Amino acid sequence: MTQYNTMELMISVASRELDNESSVGVGTGAPCAAAMLAQKLSAPDLLIMFEAGGISPQLPEMPISVGDSRTFYKAAMAGSMADTMEACSRGFVDYTFLGGAQIDKYGNLNSTVIGDHKKPKVRFPGSGGANDFASFCWKMMVITPQNSKRFVEKLDFLTTPGWLDGGNSRAESGLPVGAGPYKIITDMAIMDFEPDSKRMRVISIHPGKTFEDVQENCGFELLKAPVIENTIPPSDEELRLLREEIDPTGVIIGR
Amino acid sequence: MTQYNTMELMISVASRELDNESSVGVGTGAPCAAAMLAQKLSAPDLLIMFEAGGISPQLPEMPISVGDSRTFYKAAMAGSMADTMEACSRGFVDYTFLGGAQIDKYGNLNSTVIGDHKKPKVRFPGSGGANDFASFCWKMMVITPQNSKRFVEKLDFLTTPGWLDGGNSRAESGLPVGAGPYKIITDMAIMDFEPDSKRMRVISIHPGKTFEDVQENCGFELLKAPVIENTIPPSDEELRLLREEIDPTGVIIGR
Amino acid sequence: MNIIDQGIGPLFMDPDPDKARAFFRTKKRKMKNKVMELKDAIKEFVHDGDYLGMGGFGANRTPVAACHEIVRQGRKKMGFAGHTATHDMEILSAGEVYDRLDVAYVVGLEARGLSPCSRKYVESGKVEVTEWTNYSLTARLKAAAMGVPFVPIRNIMGTDTFKYSASKIIECPYTGKKLAAMPALYPDVSVIHVHEADIYGNSRFKGIAVSDLDLANASKRLIITTEKLITHDEIARDPSSTRIPFHLVDAVCEVPFGAYPGTMPYEYFSDEDHLKEWMSVEKDSEKFKEFLDKNLYTCADHEEYIARNGGSAKMRELRVKEMLIYKEK
Amino acid sequence: MNIIDQGIGPLFMDPDPDKARAFFRTKKRKMKNKVMELKDAIKEFVHDGDYLGMGGFGANRTPVAACHEIVRQGRKKMGFAGHTATHDMEILSAGEVYDRLDVAYVVGLEARGLSPCSRKYVESGKVEVTEWTNYSLTARLKAAAMGVPFVPIRNIMGTDTFKYSASKIIECPYTGKKLAAMPALYPDVSVIHVHEADIYGNSRFKGIAVSDLDLANASKRLIITTEKLITHDEIARDPSSTRIPFHLVDAVCEVPFGAYPGTMPYEYFSDEDHLKEWMSVEKDSEKFKEFLDKNLYTCADHEEYIARNGGSAKMRELRVKEMLIYKEK
């Protein structure tokens with residue numbers, strides 16, 4: 001079996017979550033690589049939408065911006081932000097992949113500030129389209145390296161909704177019914193959410209890791225799924241596509 | 001002086017009300033003819049907008065529909081209904097010309113039904129864009145032949161807002177502040193509205209008519225302006241333009 | 001929410017965005033070949049009782065061929081969005097296709113006059129009517145396109161148009177001003193006629209958009225009739241020109257002259273003589289029946305309708321008129 | 001109106017549509033020649049204290065030349081709509097142009113990383129910040145474009161993004177559901193970069209529209225920078241291609257490569273080396289000062305900036321990259 005790095009692992013695992021003939025709102029970086037990999041391998045009829053208006057492009061290379069020309073290269077339509085976001089709001093978009101500086105046990109994300117909002121220790125970009133995608137798309141997924149600084153008990157700022165305070169709180173918030181966090185993909189494991197409490201739980205552990213490794217690198221208590229799978233590592237074909245076709249210069253997979 | 005008919009008179013009089021460098025939302029028929037005449041004579045920089053999306057066309061002939069190809073012939077933009085209506089809503093459109101089956105003393109118009117709404121004696125088209133234009137454009141004008149069946153004490157149906165119940169009622173209704181009926185141009189006279197009561201009053205009487213003629217052909221009591229002018233009849237140039245350039249086949253001016 | 005006032009008109013369609021989301025969740029995302037015959041598209045996607053939206057405006061880029069086919073197949077009890085509905089409504093009235101009508105502009109053909117048939121049907125009492133305006137129907141489609149239950153606008157208030165609408169007046173949380181909340185309108189099915197589409201439904205048209213982009217987004221099912229099919233490569237070469245993307249579309253039907261006897265911008269002008277004939281024969285029920293038999297019920301398709309009314313010579317003539325070539329010296 | 005909840009962020013701009021109407025009533029309707037030098041347009045239409053909107057998205061079709069000129073002229077105390085503001089914000093931060101910031105996406109350059117200069121300025125406490133999202137800022141512009149004080153959307157609720165926004169949660173009068181009301185945003189002045197415009201301001205661009213059409217409608221004053229001027233005859237020949245009509249526009253400035261070092265679709269790709277240089281020199285205030293002196297303060301105009309960074313040879317190279325010609329064999 002070919003050697004791989006954690007980014008290649010995360011992207012491969014993420015790509016397998018995308019059903020064929022489904023739709024996904026993606027950003028730059030790993031999410032876009034995962035969508036491209038899915039399109040090439042398991043989900044040839046995946047509909048990719050970019051928040052700035054690119055709809056169903058034939059991506060010639062990784063975009064640098066979710067609005068650059070690559071995002072509507074040979075596309076079905078070069079539309080507007082409203083075209084994409086309204087489609088998400090109408091329930092037309094199945095998946096989205098997000099990231100963040102912090103994530104909590106309900107899958108809420110912080111990409112706004114560390115410290116006080118008025119005079120922050122660190123200012124991050126803010127929501128961008130993340131809050132929009134996470135509110136509207138049916139199944140929100142996160143791709144992120146895992147450590148206790150990132151997986152925290154309490155966010156400094158709740159930028160983007162996961163299951164909010166767990167339980168029924170998201171449904172009560174006013175956000176569209178039935179949408180919410182689905183899978184969290186880290187460099188150690190795959191997590192989903194326990195159906196009632198909406199707390200994060202481990203469902204699959206990557207090769208060479210144990211549940212204890214995962215818990216140690218998490219600032220809150222993780223639940224365990226009834227059965228915990230062993231993550232299937234990236235296949236040779238996945239790696240070949242990532243390295244030769246999707247990211248030959250290693251911008252994302254960092255080779 | 002050249003002979004003219006009442007349609008030619010109404011269109012000529014109406015066209016003079018349009019300031020140069022102003023904007024007007026128009027329909028087909030007499031309103032469009034008035035706007036075209038103004039553009040050719042007194043208001044070369046008049047901005048004409050059609051409700052279906054035609055913006056600033058170089059009208060080659062009278063349109064049959066407010067959405068036909070003539071309404072965006074050599075236009076600045078072939079836009080959308082939202083483009084035009086949003087511009088009106090934002091306060092960008094100064095004038096509009098409307099008509100109707102009935103009009104009352106506050107300039108309210110009926111173009112919906114005669115008789116009961118549920119089972120009408122006569123069904124008319126409804127608002128179309130009239131309610132929109134009358135709500136949004138700063139100065140609404142009406143071009144209509146005058147008789148007691150049309151100028152009524154009480155409308156069968158208030159389709160399109162004039163000054164509603166007069167006085168302050170329009171301001172209280174929620175409609176945009178400061179917009180409202182401005183002039184009513186008939187085949188007998190020009191009316192405006194008394195500033196406080198918002199009741200219709202005669203300000204100019206057409207050649208050969210008297211105030212009594214006007215009142216006799218009106219189903220409600222008309223006020224008199226402090227000074228009542230004599231309407232200046234169509235000039236030779238106005239008639240020439242109408243007959244030779246604007247409506248050579250006589251669709252509107254009916255020659 | 002404090003509701004200051006509300007109209008008494010029936011609200012024919014549920015504005016609940018979560019119900020619409022549940023539907024759109026099931027809609028196909030795949031870019032697959034959707035080309036079919038118009039009669040098959042109408043059979044599959046337009047059902048008795050459905051609420052129907054029609055693209056274009058006032059006999060301009062109106063899907064006339066689809067209206068004929070709906071009548072020919074005998075659809076009944078439909079809802080209809082009368083958004084400057086002119087010749088399309090005249091045809092649908094002849095077939096007594098609808099019994100619920102959202103009115104902005106109906107029963108007339110603008111400068112051409114009123115349609116006796118449409119008037120008679122709407123005056124018959126067989127049709128439930130709710131009043132709106134052109135812009136308020138556009139706003140209702142915009143709300144649906146946005147996936148929200150309403151958007152506020154500032155007209156309609158103070159009038160009987162409001163009273164006989166199904167809208168509600170609310171107070172602005174920022175300014176305290178009164179606003180008219182327009183409930184989202186998600187048509188069950190709509191038809192839009194375009195200049196060019198690929199086999200997946202990516203569509204282009206020229207000229208004014210009217211409210212067709214919001215209509216396309218708002219509609220649960222969407223049939224595209226197109227003057228001609230183009231390659232997907234051509235779409236991909238210039239995605240800036242796509243107005244309606246494939247994922248909104250359920251069927252693509254190539255129907256040349258599909259807006260005849262109305263206008264198709266840059267292609268053909270309306271056939272005014274034929275439209276006059278419609279309005280004239282409507283006055284006499286015997287004549288009208290004969291006319292409909294000839295022009296609609298016994299026509300296999302739109303091509304036959306056109307063949308019976310001048311065929312390609314007439315189409316060339318209407319093109320000269322549309323392009324104002326007759327004015328050139 | 002029952003307000004269920006509201007954010008604590010400052011609302012920088014009045015959403016009152018009647019005040020906006022009073023302004024738009026005075027805006028010129030005449031189709032007159034509006035061509036001027038960019039520096040004159042900035043002088044005349046961009047004032048200290050104004051609220052500024054910028055077209056494009058994330059260093060794509062962004063009016064970079066206008067950002068430079070605003071900094072060069074020393075504008076201060078502006079408000080700014082940070083709607084995926086990347087390199088534009090980096091430039092405006094270098095000049096400390098703004099002190100009120102509506103945030104959707106700021107201080108970063110997407111996949112390129114974060115801008116030390118933008119971060120430092122926003123972290124300095126000199127800037128009042130209100131939080132939003134990309135779509136909520138789009139919705140705020142849409143509300144302004146529609147001439148209404150708000151439109152409802154269904155995201156942002158339940159989060160700190162809402163808490164630090166200036167939006168309000170209301171109850172839907174039709175469904176009882178909670179909705180987030182986005183207050184209309186009427187920027188005092190905006191700049192949009194396009195491919196082609198005529199002397200009156202009728203403008204065309206290719207590629208994604210982002211939120212520029214609503215931005216153009218919502219803005220009280222609008223400066224168009226264009227890659228090239230085209231004849232009005234060309235606009236009139238094909239009015240379907242006009243995206244921004246003249247009456248929204250106050251100034252038309254021909255600025256070739258006006259989005260450099262960002263991307264202009266179908267013309268030139270971003271100069272990634274130069275953007276990296278920006279982000280790198282920002283870490284050292286001495287170096288950054290020198291860099292800005294060279295590239296901004298001592299440049300007479302955008303042409304000089306480009307001349308100092310590779311000139312026409314670089315522009316040809318970026319065109320090859322944009323069009324993927326280098327991939328052809």
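Predicted model, so just to flag it, every value in this text is computed and none were measured.
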Quick one: what part of [X] sits under 4.5 Å from any heavy atom of chain D, side chain, backbone, both or neither?
X: Ile64(A); value: both
X: Glu172(A); value: backbone
X: Phe133(A); value: neither
X: Thr112(A); value: side chain
X: Thr28(A); value: side chain

Hey, could you give me the [atom1]/[atom2] distance between [X] and [Y], rounded to the nearest 0.5 Å?
X: Thr161(D); Y: Leu109(A); atom1: OG1; atom2: CG; value: 10.5 Å
X: Thr71(A); Y: Phe57(D); atom1: OG1; atom2: CZ; value: 8.5 Å
X: Tyr266(D); Y: Tyr73(A); atom1: OH; atom2: OH; value: 9.5 Å
X: Lys206(D); Y: Ser69(A); atom1: NZ; atom2: OG; value: 11.0 Å
X: Leu175(A); Y: Lys178(D); atom1: CG; atom2: NZ; value: 9.5 Å
X: Ile153(D); Y: Ser89(A); atom1: CD1; atom2: OG; value: 8.0 Å

Answer yes or no: is there a donor N or O on one side and an acceptor on the other, between the side chain of [X] and the main chain of [Y], under 3.5 Å?
X: Lys327(D); Y: Pro60(A); answer: yes
X: Thr133(D); Y: Ser127(A); answer: no
X: Asn131(A); Y: Ile156(D); answer: yes
X: Lys163(D); Y: Leu158(A); answer: no

Name the member of [options] that forms the most heavy-atom pairs with chain A at distances under 4.5 Å.
options: Ser211(D), Gly207(D), Pro265(D); result: Gly207(D)
options: His83(D), Met157(D), Arg112(D); result: Met157(D)
options: Gly56(D), Ala59(D), Gly158(D); result: Gly158(D)
options: Thr263(D), Val129(D), Asp212(D); result: Val129(D)

| Between Glu86(A) and Arg154(D), is there a salt bridge with N-O shorter than 4.0 Å? |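 Salt bridge absent between Arg154(D) and Glu86(A).
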Should [X] and [Y] count as side-chain neighbours, where that means a heavy-atom distance under 4.5 Å?
X: Val122(A); Y: Arg119(D); value: yes
X: Leu114(D); Y: Pro125(A); value: yes
X: Met85(A); Y: Thr138(D); value: no
X: Arg70(A); Y: Leu324(D); value: yes
X: Glu123(D); Y: Lys121(A); value: no

| task | Using distance alone, with no hydrogens and no angle criterion, decide if Asp68(A) and Asn60(D) have a side-chain donor and acceptor under 3.5 Å apart. | result |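 Not at all, the side chains of Asp68(A) and Asn60(D) share no donor-acceptor pair under 3.5 Å.
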| field | Within 6.0 Å of CG in Asp99(D), more than 12 heavy atoms from elsewhere | value |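 For Asp99(D), atom CG is crowded (more than 12 foreign heavy atoms under 6.0 Å).
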| field | Within 6.0 angstrom of Lys40(A) NZ, more than 12 heavy atoms from elsewhere | value |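 Atom NZ in Lys40(A) is crowded, with more than 12 foreign heavy atoms closer than 6.0 Å.
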| task | Kindly indicate whether a cation-pi arrangement holds for Arg123(A) with Tyr121(D), taking the cut-offs as under 6.0 Å to the six-membered ring centre and within 45° of the axis. | result |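 No, Arg123(A) and Tyr121(D) do not form such a contact.
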So what's closer than 4.5 Å to chain A heavy atoms on [X]: side chain, backbone, both or neither?
X: Glu272(D); result: side chain
X: Thr86(D); result: neither
X: Val210(D); result: both
X: Ser118(D); result: neither
X: Phe162(D); result: neither

Quick one: of [options], who has the most non-hydrogen atom pairs under 4.5 Å with chain D?
options: Pro63(A), Gly129(A), Ser135(A), Gly128(A); answer: Gly128(A)
options: Ala52(A), Gly29(A), Gly126(A); answer: Ala52(A)
options: Asp83(A), Ile55(A), Val66(A), Leu155(A); answer: Val66(A)
options: Ser80(A), Gly53(A), Gly27(A); answer: Ser80(A)

| request: May I have the step-by-step check of side chain to side chain donor-acceptor pair (under 3.5 Å) for Ser65(A) and Glu110(D), ending in yes or no? | output: CA-CA 6 Å; Ser65(A) 160; Glu110(D) 299 186 86; 2.5 Å; yes
| query | How are the rings of Tyr135(D) and Phe136(A) set to each other: parallel, tilted or perpendicular (split at 30° and 60°)? | reply |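 The rings of Tyr135(D) and Phe136(A) stand perpendicular, inter-plane angle above 60°.
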| query | What's the verdict on side chain to side chain donor-acceptor pair (under 3.5 Å) for Asp132(A) and Asn134(D), showing C-alpha distance, side-chain angles and the deciding distance? | reply | CA-CA 7 Å; Asp132(A) 310 319; Asn134(D) 273 343; 5.3 Å; no
| request: Check Ile208(D) against Gly67(A) and note the closest heavy-atom contact, atom names and distance. | output: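 Shortest heavy-atom contact: CD1-O, 3.4 Å.
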